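The block underneath contains the structure these notes are about, expressed in structure tokens.
Letters A, B, ... mirror the listed sequences (proteins, then strands); counts begin at 1. Bear in mind the structure is a predicted one, so any value in this text is a computation, not a measurement.
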Protein chains: 2
Amino acid sequence: MDEHEGVARMTTVTIRDVAAAAGVSVGTASRVLSGNPATSAASRERVAAAVARLDFHPNAQARSLRSTRTRTIGLLVSDVRNQFFADLAHAVEQAALAHGYVILLGNANEREDQQDRYLDTLISQRVDGIIVAPQGDGSGVIRSLLRRGIPTVFVDRTVDGIDLPSVTTDSGHGIRQAVEHLADQGHTRIGYIAGPQAISTGRERFNAYTRAIEANGLSRDPALVYFGDFQAASGSSGVHALLNLEQPPTAILAADSPMATGAVAMLHRLGVRIGTDMALVAFDDIEWFALLQPALSVISHSVEKMGREAVDLLLQVIDGGAPESIVLPSELIVRASSSTPHRPGSVSSLRKN
Amino acid sequence: MDEHEGVARMTTVTIRDVAAAAGVSVGTASRVLSGNPATSAASRERVAAAVARLDFHPNAQARSLRSTRTRTIGLLVSDVRNQFFADLAHAVEQAALAHGYVILLGNANEREDQQDRYLDTLISQRVDGIIVAPQGDGSGVIRSLLRRGIPTVFVDRTVDGIDLPSVTTDSGHGIRQAVEHLADQGHTRIGYIAGPQAISTGRERFNAYTRAIEANGLSRDPALVYFGDFQAASGSSGVHALLNLEQPPTAILAADSPMATGAVAMLHRLGVRIGTDMALVAFDDIEWFALLQPALSVISHSVEKMGREAVDLLLQVIDGGAPESIVLPSELIVRASSSTPHRPGSVSSLRKN
DNA sequence: CGATTCCATGGAACCGATTCCATGGATGAG
DNA sequence: CTCATCCATGGAATCGGTTCCATGGAATCG
């Protein structure tokens, strides 16, 4: 029944206090604070002094309640612990900051229910716009965004049937390069650790792999494809499954960096030497991939650019525009993990024992 | 002059619309929505139906303007791209979510001005509380938090002279273990890549190193210490400087994971074999450190626990409590990068050529 | 059966800013 | 010198919720 009055009550300084201290009306104080030109130098000075003296911080709630602008952007990523999304969050945050916006970061943890929960919150917070790397098929709250006309752009991923501006990567080019490169080294059985087919990037990268395999006349054995979930553990399982085949692949391509990390861990555990026993290429260029021995070959795309473009796109939508989607390129970077030519017979199945 | 009316105007559904549609007063509608028990089953039902039909999302601004609670916590980290802080953000976010709070994430980029800018914003957003890994000496906006009585806790780092609850790591124990372990391997000249002495963790870890060196009777040569800035590039410079000494160290301890990353990169570039030519131990246990060949020895501390405890502490402060600060343990994990015994004479200075 | 209590409800004030509108004083033109 | 113009200003309405207060009807009790 008793109130928690343990803490010193926050002495809430309002614009009324400022106005009183400055000897002007609240209207004038507000005009000074929001940079309205219809103010005299005298009152500007007096208000500024009062603000400093009282340490006044305008209440953003009250402000945006009336003005319907919050100068806040919601960013919903799939997994902050994934270095790619951490870098993306950083890039978006820096770009937004440059335009005077603050980021409200949500983390979906690769789960649709958590995404929808955050979207609800972002809507309630009346963010000016939302940048989202979407989960699921767009049946849930995402559709609600469209209906309400909340400025939204997709980043990295898209959702079929939902027409919103997006910034994505053309993974096809990089994957084609990677497969050709591996074929050049003499590999004919290239294993693929795929992402979930419910996610656009998972589908697109898998299709690119399939087409490249066919174009180069390599083995289409369906057992060479393992379907993971874009998280590290599934990369480990993928390697385990592929090495358990009667005819294991001699090279492996992993569709994102966490799965590549899991793959590396499992290859180490099984004593398979990367580069010599097994070629490995990862999608996503994570800084430390270059520090592995041998350094990992990667398919690289610019996350800084992706973040910057996403913010630009969103600001255009907020301004009432309908910008075109942007597709960024991807590029193979060859390092030691895939540059040892393959001599037939060097890889043995785990089954042999 | 013309308005940007390109987008369909958001049809703002308010609680008044809901009340009208449900045939009750706004007061009743509000009570139903906020779970006030003083409502009849009948009106609860009618309001719920109206909310669903109109797709109503309460305006969080208006709500918190009156109730002065936002169910929002500000989290200010030093650098999201640092895996440690990404993991921390994730841990904090999950813990907060479990208590019905949402995280507003700010990124100081290891810079005090950017930190202060975010703090201003967080104050204006009237977050219920702030968790901050602080920059600087507390001369700026941080002091303002105290004055205004905004619930705040420190995480990972503290600021001298500012008395707030905190969750930190006792780095002393792990560092002592590391130095003893290296001494056991026969190392007498242990290099140290230190963090900035303006940051509490930088100071504490450096002091622990100094004390451990003295306790074990190892070389106190001041040239063995390189002062970095907790970012990767300074780890590289540190290694370069240490190897340039007339008598280079035979082992190196790096005070955080980005600097350790930079150190690894530079050792590779210089062709120094980690583990055999140079022992290496890093503070912070990052997942992929175990994937390096040789795997990196680390001083580990639990970031999940740190995040969870920080949220717990903050919720106590918000509830008017004055909880005790929490200090978490650190522990050495020995891996291959430091387990080869040192034979005198195996390390040569870069100067030799 | 009358008085008291209880409780769901409607209506209004309120949170702290922005913004519209009317006003009064200074300035400039005729 | 008078009238129109301009502009900084004060005051009030407003944004969309929450919460206090008064009320009326049902339930409870002696």
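A donor and an acceptor atom, one from each side chain of B:H90 and A:D79, are nowhere located under 3.5 Å apart.
Spacing between atom CD of A:Q61 and atom C1' of D:dG16 amounts to 13 Å, rounded to whole angstrom units. Atoms CG (A:N59) and P (D:dG17) sit 16 Å apart, rounded to a whole Å. The nearest whole Å value for the distance from the CZ atom in B:R69 to the P atom in C:dC14 is 24 Å. Distance, B:D17 CG to D:dC15 C1': 13 Å, rounded to whole Å. Following rounding to the nearest Å, A:R71 (CZ) and C:dA17 (P) show an atom-to-atom distance of 18 Å. One interatomic measurement links the two molecules: CD1 of B:I123 to P of C:dA17, which rounds to 14 Å at whole-angstrom precision. In this entry the distance linking CG of A:L65 with P of D:dG17 reads 9 Å, nearest Å. Rounded to a whole Å, the CZ atom of A:R16 is 11 Å from the C1' atom of C:dT18.
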Exercise. Mind running side chain to side chain contact (heavy atoms under 4.5 Å, CB included) on A:E112 and A:D137 for me, showing each step along the way?
Key: CA-CA 9 Å; A:E112 191 171 2; A:D137 58 0; 4.0 Å; yes
Quiz prompt | Step-by-step side-chain hydrogen bond (donor to acceptor under 3.5 Å, both in side chains) determination, B:R63 to A:S124 | solution = CA-CA 10 Å; B:R63 170 175 287 183; A:S124 286; over 6 Å; no
Exercise. Determine, stepwise, if the pair B:V311 / B:Y101 fulfils side chain to side chain contact (heavy atoms under 4.5 Å, CB included).
Key: CA-CA 10 Å; B:V311 170; B:Y101 280 87; over 6 Å; no
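Between B:L164 and the choices B:L146, B:V317, B:L145, the side chain to side chain contact (heavy atoms under 4.5 Å, CB included) rule is met once, by B:L146.
With contacts defined as side-chain heavy-atom distances shorter than 4.5 Å, the pair A:N59/A:T12 does not qualify. Proximity of B:R143 to B:I162: side-chain heavy atoms (C-beta onward) are separated by under 4.5 Å at one or more points. For the pair A:I131/A:I73, a side-chain contact is recorded, criterion being any heavy-atom separation below 4.5 Å from C-beta on.
In the helix from C:dC1-D:dG30 to C:dG30-D:dC1, the terminal helix axes, each the rotation mapping four pairs' C1' atoms onto the next four within five end pairs, subtend 40°, rounded to 10°.
Among the atoms of the strands shown, only primed sugar atoms or phosphate atoms (P, OP1, OP2) are found under 4.0 Å from some heavy atom of A:S43. Heavy atoms of A:T68 sit nowhere under 4.0 angstrom from any nucleic acid atom. Heavy atoms of A:T39 sit under 4.0 angstrom from primed sugar atoms or phosphate atoms, though from no base atom.
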Protein-nucleotides 20-28 of chain D N/O pairs under 3.5 Å:
| from | atom 1 | to | atom 2 | distance (Å) |
| --- | --- | --- | --- | --- |
| D:dC20 | N4 | B:R31 | NH1 | 3.2 |

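Along DNA chain D, the nucleotide closest to A:S40 and the one closest to B:A62 are compared, and the more 5′ of them pairs with A:S40. With DNA chain C read from its 5' end, the first of the two nearest nucleotides for A:R63 and B:S67 is the one closest to B:S67.
For A:E110 and A:R157, the salt-bridge test passes: some basic side-chain N is under 4.0 Å from an acidic carboxylate O.
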